[in-house]
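Comments concern the structure below.
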Amino acid sequence: MRRALASLPRTVWLLGAISLLNDAASDMIYPLVPLYLATVLMAGPKALGMIEGVAEAAGSLLKLVAGVLSDRIRRIKPFVVIGYGLAGIARPLIGIATSWVGVLVFRFVDRVGKGLRSAPRDAMLASSVEPSQRGLAYGLHRGMDNAGAVVGPLVASALLAAGLSLRHVFLLAIVPAVFVLIMALRLKEPAHAEVAAPKSKIDWRWSALPSRYRRYLVALGLFTLGNASNMFLLLRAQELGLGASRITLLWAAFSAVAAFASTPLSALSDRLGRKRLILAGWGGYALLYVLLGVVPISAGWLWALFPAYGLVTAMIEGSERALVADLVPEQSAGTAFGWYYLVTGLLLLPASALFGALWESGSPMMAFGLSAAFAVAASLVLLTMQVATPGVATLGEAAPGERT
């Protein structure tokens, strides 16, 4: 593992460091937004679902646009720099919002920034490594991203313990955002992105995508319909009796496990296959949602279930992205990642809205139970796919070159 990590190029490490600091800034705020809405702005689960759904859906539309444009002009860095810059400015401004509509506006701008950078950044990662290193590269990136999600809540918890208000914690998130922008400006276009543009235009239509990739997107769509905003998990923790400082620590525990496990588990997909890791992760997700919302538990169980959720997240995130790169040609990677983020982000609107409505008008049991059912349905679709990681036979398939 040490040798493999040492062989990764500078771009992978720099993108990882950028994500670490950016997520630290984001997660100073993220676990506090439900509390800010509930205790300061007096808004409930429906408002939370609308904010997260609308913001993520809008950002997801831009992810496809940015991915297609980066493929066509063969330039990635401008999208990454502008995307991180917009998010860094918008997040701290949540602290000046006086209604849930204001929070929606700033979360919207934050997600616009994410929409501009996500697909081009993942295409940059794919272009920077060999196919046999994709799991490792995406796992390292997600691991460093999740490490930032450990640092951010811990900083926020310390600031709250020192007597700062929620508004002040939001405003201080501007500090790491400045360093993120400086580091993003130091990125270089990968060598593969500097080649001449293809003679034919990139076809971004659904019908032009490889058939296996379309089926994969269907499976991802089903999973996303049950994968509402993680803020509902934090709201569940509050409902079970945890206060602001303990919730930030709980989120830090989740992120710490995801950070440490992401690199080795995603690298394992280079050896055992992406499909196995994704199926195991989706199955674990279904089980955890049953335990978190369907089975009656006390607050003490959260300190075991949230770290377990971090392990599930580590199994899913890097492997899902590496499989995207495996299923499409390199010259259309930006477009493919744009579709990936469009599907997973656009469906977050109905997922979050439905989850919030079921919670408020029915019960947490109904909301968490439906999410688990969608994860099972997604797993069944993925099981029907024939997917092979480059050089690896997956779930009974032949490795590339063994079957015509």
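All values below were derived from every heavy atom in this structure, side-chain atoms included, with hydrogens, water molecules and symmetry-related copies excluded. Everything numeric here is computed off the predicted structure, so don't read it as measured data.
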Query raised in the report: Hey, does Pro176 have a side-chain heavy atom less than 4.5 Å from the side chain of Asn22?
Result: no

**Report entry** Partners passing salt bridge (Lys or Arg N to Asp or Glu O under 4.0 Å) against Arg121 (at least two apart in sequence or in another chain)
**Finding:** none

Query raised in the report: Arg215 side chain to Leu382 main-chain N or O, any donor-acceptor pair under 3.5 Å?
Result: no

Query - Pairs satisfying side chain to side chain donor-acceptor pair (under 3.5 Å), at least one member in residues 309-319, at least two apart - result: Arg142-Glu317, Asn146-Glu317, Asn230-Tyr309

Report task. Please assess His141 against Val12 for the test side chain to side chain contact (heavy atoms under 4.5 Å, CB included), listing each intermediate value before the final yes or no. Result -> CA-CA 7 Å; His141 181 262; Val12 175; 5.8 Å; no

Requested in this report: Give a yes or no on whether the backbone of Gly139 and the side-chain of Ser262 come within a donor-acceptor separation of less than 3.5 Å.
Outcome: yes

Report task. Please examine the side chains of Trp282 and Ile316, heavy atoms only from C-beta on, and report whether any two atoms are closer than 4.5 Å. Result -> yes

Query - Arg274 and Tyr216: side chain donor to acceptor below 3.5 Å - result: no

Report task. Please step through side chain to side chain contact (heavy atoms under 4.5 Å, CB included) for the pair Leu233 and Phe254, ending with a clear verdict. Result -> CA-CA 11 Å; Leu233 299 180; Phe254 153 79; over 6 Å; no

Query raised in the report: Will you find, in the side chains of Glu320 and Tyr138, an N or O donor that is under 3.5 Å from an N or O acceptor?
Result: no

Query raised in the report: Does a side chain donor of either Tyr285 or Asn227 reach within less than 3.5 Å of an acceptor in the other side chain?
Result: yes

**Report entry** Check: Leu222 and Leu380 side chains under 4.5 Å, non-hydrogen atoms
**Finding:** no

Report summary line: dist Leu249:CG -> Leu154:CG (nearest 0.5 Å) comes out at 6.5 Å

Query - Ala119 to Gly338 - nearest heavy-atom pair and separation - result: CB-N, 3.6 Å

Requested in this report: Determine whether Leu217 and Leu209 make a side-chain contact, defined as any pair of heavy atoms from C-beta on separated by less than 4.5 Å.
Outcome: yes

Requested in this report: Working to the nearest 0.5 Å, report the span between CG of Leu220 and OG1 of Thr344.
Outcome: 7.0 Å

Report task. Report the C-alpha separation of Arg134 and Asp270 in whole Å, then their side-chain angles, then the decisive distance to 0.1 Å, and conclude whether the salt bridge (charged side-chain N to carboxylate O under 4.0 Å, His left out) test is met. Result -> CA-CA 7 Å; Arg134 284 172 180 159; Asp270 290 330; over 6 Å; no

Report task. Would you check if Pro210 and Leu327 make a side-chain contact, meaning some heavy-atom pair closer than 4.5 Å? Result -> no

Requested in this report: Spell out, as yes or no, whether a donor-acceptor pair under 3.5 Å connects the side chain of Ser127 to the backbone of Met124.
Outcome: no

Report summary line: Note: Pro307 and Leu302 closest approach over all heavy atoms is CD-O, 3.9 Å

Report task. Verify, without hydrogens or angle tests, whether Lys114 (side chain) and Ala87 (backbone) share a donor-acceptor contact under 3.5 angstrom. Result -> no

**Report entry** CD1-NZ distance between Ile82 and Lys77, expressed to the nearest 0.5 angstrom
**Finding:** 11.5 Å

Report task. For Gln133 and Leu8, indicate whether the former's side chain and the latter's backbone hold a donor-acceptor pair under 3.5 Å. Result -> no

Report summary line: Rounding to 0.5 Å, atoms CG (Leu140) and CG (Leu15) come to a distance of 10.0 Å

Query - Distance, nearest 0.5 Å, that separates CD1 of Ile18 from CE of Met144 - result: 10.0 Å

Query raised in the report: Should the heavy atoms of other residues, nucleotides or ligands under 6.0 Å from CH2 of Trp301 be counted, would the total exceed 12?
Result: no

Report task. Return the minimal non-hydrogen interatomic distance between Ala156 and Val169, and the atom names on each side. Result -> CB-CG1, 4.0 Å

Query raised in the report: Can you find a pair of side-chain heavy atoms, one from Pro364 and one from Glu239, that are under 4.5 Å apart?
Result: yes

Report task. Go through the steps to decide whether Trp339 and Leu342 satisfy the test side chain to side chain contact (heavy atoms under 4.5 Å, CB included), and finish with yes or no. Result -> CA-CA 5 Å; Trp339 270 106; Leu342 176 67; 3.6 Å; yes

Query raised in the report: Looking at side-chain heavy atoms only, is the closest gap between Leu20 and Asp145 below 4.5 Å?
Result: no

Query raised in the report: With ring centroids as reference points, do Tyr340 and Tyr213 lie under 6.0 angstrom apart?
Result: no

Query raised in the report: Considering only heavy atoms from C-beta outward, does the side chain of Tyr341 approach that of Val324 to under 4.5 Å?
Result: no

Requested in this report: Measure from the side-chain N and O atoms of Lys188 to the backbone N and O of Thr11, and report whether any donor-acceptor pair falls under 3.5 Å.
Outcome: no

Query raised in the report: At what distance, to the nearest 0.5 angstrom, does CE of Met315 lie from CG of Leu279?
Result: 9.5 Å

Query raised in the report: Which atom names give the shortest non-hydrogen contact between Trp359 and Leu235, and what distance separates them?
Result: CH2-C, 4.0 Å

Requested in this report: Please test Val151 against Leu21 for side chain to side chain contact (heavy atoms under 4.5 Å, CB included), starting from the C-alpha separation and ending with a verdict.
Outcome: CA-CA 9 Å; Val151 174; Leu21 276 180; over 6 Å; no

Report summary line: Closest non-hydrogen contact found for Ala228 with Phe232 is CB-CD1, 3.9 Å

Query raised in the report: Within the distance-only criterion (no hydrogens, no angle test), does the side chain of Ser118 pair as donor or acceptor with the backbone N or O of Gly115 below 3.5 angstrom?
Result: no

Query - Cation-pi, Phe79 ring and Arg117 (6.0 angstrom, 45 degrees) - result: no

Query raised in the report: Hey, is CZ on Arg214 packed in by over 12 heavy atoms from elsewhere, all under 6.0 Å?
Result: yes

Query raised in the report: Closest approach of Ser19 and Tyr84, non-hydrogen atoms and distance?
Result: OG-OH, 3.5 Å

Requested in this report: Go through the structure and list residues passing side chain to side chain contact (heavy atoms under 4.5 Å, CB included) with Pro92, not counting sequence neighbours.
Outcome: Ala173, Ile174

